[in-house]
Asker: 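One structure coming up, written as structure tokens, with questions to follow.
Each chain gets a letter, A, B and so on, in the order the sequences are listed, and its residues count up from 1. Atom set for the values below is all heavy atoms of this structure, side chains included, hydrogens, waters and symmetry mates excluded.
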2 protein chains.
Amino acid sequence: MAEARKNEAVSLSRTRRTLPIALLRAREQLMDRFRPMLLSHGVTEQQWRVLRVLNENAEMDATDLAEKACVLGPSLSRIIKALEARALIHVGKHPKDGRRAVIKLSHEGQQFVETVARESAAIYKTIEAKVGADRIGSVLNDLEELTAALQSPD
Amino acid sequence: MAEARKNEAVSLSRTRRTLPIALLRAREQLMDRFRPMLLSHGVTEQQWRVLRVLNENAEMDATDLAEKACVLGPSLSRIIKALEARALIHVGKHPKDGRRAVIKLSHEGQQFVETVARESAAIYKTIEAKVGADRIGSVLNDLEELTAALQSPD
DNA sequence: TCATTATCTTTAACGTGTTAAATATATAGG
DNA sequence: CCTATATATTTAACACGTTAAAGATAATGA
């Protein structure tokens, strides 16, 4: 059994100690705590990101919304249909540029966001209590630096 | 424009400075650098994770493989079919437990992993050069601590 | 003005994520 | 031995991720 554990440790150091997988695992651990709540409100994680971004920006076109909510264009097209069908958002056209959509929260959408945001904040607090706000801050700083470094030219 | 930038900064501090989104963004930045290479070899990111884990473990059942490769059971079922159809893996049954599968790399699979692993390592090195090995190590440590804290009881 | 090129959004096709349920085999208790 | 329960894997259904391409509108230049 000591031997088996040794082999496992070796394999972990190879695939697990790699940035993409470490990021994926950490994210799974986190989302496992949010998903049941989102499911109970009938939204997916991605739909929720879109709603939150809209709540902070009043009016956006699809390109900006996709960028800030971290979803791809094709996914956003489907999400917009779903959210519009539930009357959580309004979709119009830009008056000066017929290509652009103008997307905003409906009144129901705003109320929905408030409700879910409260529950989301409560879950985030339990995570903070467990992990430590300082550690979360340090991870966020590291991740921002990492992302910035990857985006820099060359 | 200074005003527009200020608004943007505020919104970023709200949705962007949140653990799930920061993890997602960092991961996207990284995978954008690996995906074209994987696509050129005809494997998805998830299939590649499965192959790598198999390369480090010789023989596994589906449950362990799914856990270590960070894919869900239903996804693994589909991935196994795809990789078996390409003869990159062999799938058998556990001799003492008819429920379990026994999955291992084929000879072609081993060669495939070697080829792709070389290119993958080269890409990882360019990332290391850009980001700094020290920073990567620090992010990995933070993420491991975060994941451990989230998994701890209560 | 007209054709060309660029930009915004959607559609298509296929693979994966997620949840629930089905299937098959093992194990435990009576 | 037989039934009930647990475990391993697959299937189903629906949403998103990813790439490529199509459709629609703007901007550009001859």
Asker: For B/Lys93, report the nucleic acid contact type (base, sugar-phosphate, nothing); a contact means any heavy atom under 4.0 Å.
Answerer: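 If one applies the 4.0 Å heavy-atom cut-off, B/Lys93 turns out to touch nothing in the nucleic acid.
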Asker: Please state whether the phosphate of C/dT16, meaning OP1 or OP2, lies under 4.0 angstrom from any side-chain nitrogen or oxygen of B/Lys81.
Answerer: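 No.
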Asker: Categorize A/Ser77 for me: base, sugar-phosphate, or nothing, with a 4.0 angstrom heavy-atom threshold over every strand shown.
Answerer: base
Asker: Check the distance between D/dT9's C1' and B/Glu84's CD and give it to me in whole angstrom.
Answerer: 14 Å
Asker: Measure from the side-chain heavy atoms of A/Arg100 and tell me the nearest of C/dT9, C/dA26, D/dC16.
Answerer: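 Minimum distance to the A/Arg100 side chain belongs to C/dT9.
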Asker: Give B/Leu76 one of three labels, base, sugar-phosphate or nothing, depending on what nucleic acid heavy atoms sit under 4.0 Å from its own.
Answerer: nothing
Asker: Can a donor-acceptor pair under 3.5 Å be found between the side-chain atoms of A/Arg99 and the base atoms of D/dG23?
Answerer: no
Asker: Which nucleotide in the list D/dT9, D/dA26, C/dA26 gets nearest to the side chain of B/Asp61?
Answerer: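 Output: D/dT9.
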Asker: Respond yes when some side-chain nitrogen or oxygen of B/Thr63 is under 4.0 Å from OP1 or OP2 of D/dT9, and no when none is.
Answerer: yes
Asker: Quick one: which of C/dA26, C/dT7, C/dT16 gets closest to the side chain of B/Gln46?
Answerer: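 Minimum distance to the B/Gln46 side chain belongs to C/dT16.
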Asker: Answer with base, sugar-phosphate or nothing: what part of the nucleic acid does A/Arg35 contact at a heavy-atom distance below 4.0 Å?
Answerer: sugar-phosphate
Asker: Students often get this wrong, so: under 4.0 angstrom with heavy atoms, is A/Ser75 touching a base, only sugar-phosphate, or nothing?
Answerer: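 A/Ser75: base contact, heavy atoms under 4.0 Å.
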Asker: Let me spell it out: for each of B/Pro74 and B/Ala82, pick the nucleotide of DNA chain C with the closest heavy atom. Which residue's pick is nearer the 5' end?
Answerer: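 Whichever sits nearer the 5' end wins; that is B/Ala82.
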